[in-house]
Amino acid sequence: GCATLTLGLWAFWLEPASLTLSEERVSLHRSANRSLRIAILTDLHVGSPFNGIAKLRRTVDRTNAAQPDMIFILGDLVIQGVIGGRFVAPEEIATELQRLRAAVGPIAVLGNHDGWFNHDRVQDALEQNGVRVLEDSAARFDTPAGPLWVAGISDLWTGRHDLATALSAVKDDGAPVILLTHNPDVFPLVPDRVALTLAGHTHGGQVRLPFVGTPIVPSQFGQRFAAGHVVEGGRHLFVATGLGTSILPVRFRVPPAVTMLTLVSEHRLMSQSGLPNQRMEPPRVSF
């Protein structure tokens with residue numbers, strides 16, 4: 001009985017109410033003068049239990065304290081029908097997100113819950129508060145680590161998700177391309193020109209059981225794109241587990257997290273090692 005009570009409190013209160021900063025390190029197969037820190041905020045679902053405006057304020061403060069160079073928001077700002085939740089208007093959410101600070105961004109795509117509620121209203125709220133929305137389009141940015149293309153596609157379930165149109169604006173100038181998408185199920189269609197795809201949507205399944213994994217993942221591919229770093233055919237995907245909850249207000253061993261990706265030049269890693277033909281550590285992403 002005590003064990004059941006403890007697990008219940010953990011899954012339905014302690015973990016959903018928590019906030020962590022998940023640090024990930026990836027390497028770039030190119031020369032760069034310095035690393036690039038990217039903050040990923042996804043599946044905010046503001047208004048889900050233990051995840052109101054006060055929690056969003058903590059999230060923004062935590063993100064700013066990590067001193068990112070770029071900030072990406074990958075959709076699902078609002079909620080629908082979460083047990084115990086209270087709807088928060090996108091204008092109120094965007095007012096808090098306006099406080100995010102980085103050399104580039106914040107840059108956003110929208111998710112299925114945003115589309116089900118009112119896509120244009122959510123987009124307008126973001127853009128009126130300084131958040132650039134990139135959907136089925138791309139733009140080139142001069143970052144502290146050099147030039148970088150960012151392409152965004154609209155949601156797989158509620159938008160055009162026009163990958164070809166999004167990438168048509170990308171010039172073949174040698175600068176890396178990062179693709180933003182809410183739903184990782186588009187990843188099998190992403191071409192080699194894209195160095196790294198960033199996605200959310202799955203919440204990491206919200207529940208990760210020992211020896212079982214994630215029993216429920218909102219993806220046609222099951223656990224294949226549930227969370228974390230995925231490499232297929234030399235192409236790279238990172239799925240962030242997000243901040244809020246959907247349908248059931250539960251998280252178990254998948255804590256709400258702001259994901260920080262530190263992009264490091266593979267050339268710098270080899271130089272620092274003093275061994276030109278060896279790496280200090282295997283790169284998690286190479287492009």
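We use all heavy atoms of the structure for the numbers below, so side chains are in, but hydrogens, waters and symmetry mates are not. Worth saying up front: this structure is predicted, and the values here are computed from it rather than measured.
Salt-bridge annotation for E96 and R58: absent, with no side-chain N of the basic residue lying under 4.0 Å from a carboxylate O of the acidic one. Using a 4.0 Å cut-off between a side-chain N of Lys or Arg and a carboxylate O of Asp or Glu, R121 and E91 qualify as a salt bridge.
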Check your understanding: Between R140 and K171, does a side chain to side chain contact (heavy atoms under 4.5 Å, CB included) hold up when you go through it step by step?
Key -> CA-CA 9 Å; R140 188 179 187 270; K171 293 181 171 53; over 6 Å; no
Practice item. Assess whether side chain to side chain contact (heavy atoms under 4.5 Å, CB included) is satisfied between L198 and L74, documenting all intermediate values. Key: CA-CA 8 Å; L198 302 177; L74 303 184; 4.1 Å; yes
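Of the residues L97, V88, T95, the one that meets the side-chain contact (heavy atoms from CB on, under 4.5 Å) test with L56 is L97.
Side-chain atoms of T262 and R25 include no donor-acceptor pair closer than 3.5 Å. For the residue pair S219/D185, the side-chain donor-acceptor check at 3.5 Å is satisfied. A side-chain donor-acceptor contact under 3.5 Å links H203 and D43.
Side chains of L44 and I73 form a contact here, defined as non-hydrogen atoms less than 4.5 Å apart.
By the 6.0 Å contact criterion, CD on Q67 is open, its count of non-hydrogen atoms from other residues, nucleotides or ligands being 12 or less.
Between the T165 side chain and the D162 main chain, no donor and acceptor come within less than 3.5 Å of each other.
Residues meeting the side chain to side chain donor-acceptor pair (under 3.5 Å) test with R86, sequence neighbours left out: none.
Aromatic ring centres of F187 and F221: separated by at least 6.0 Å.
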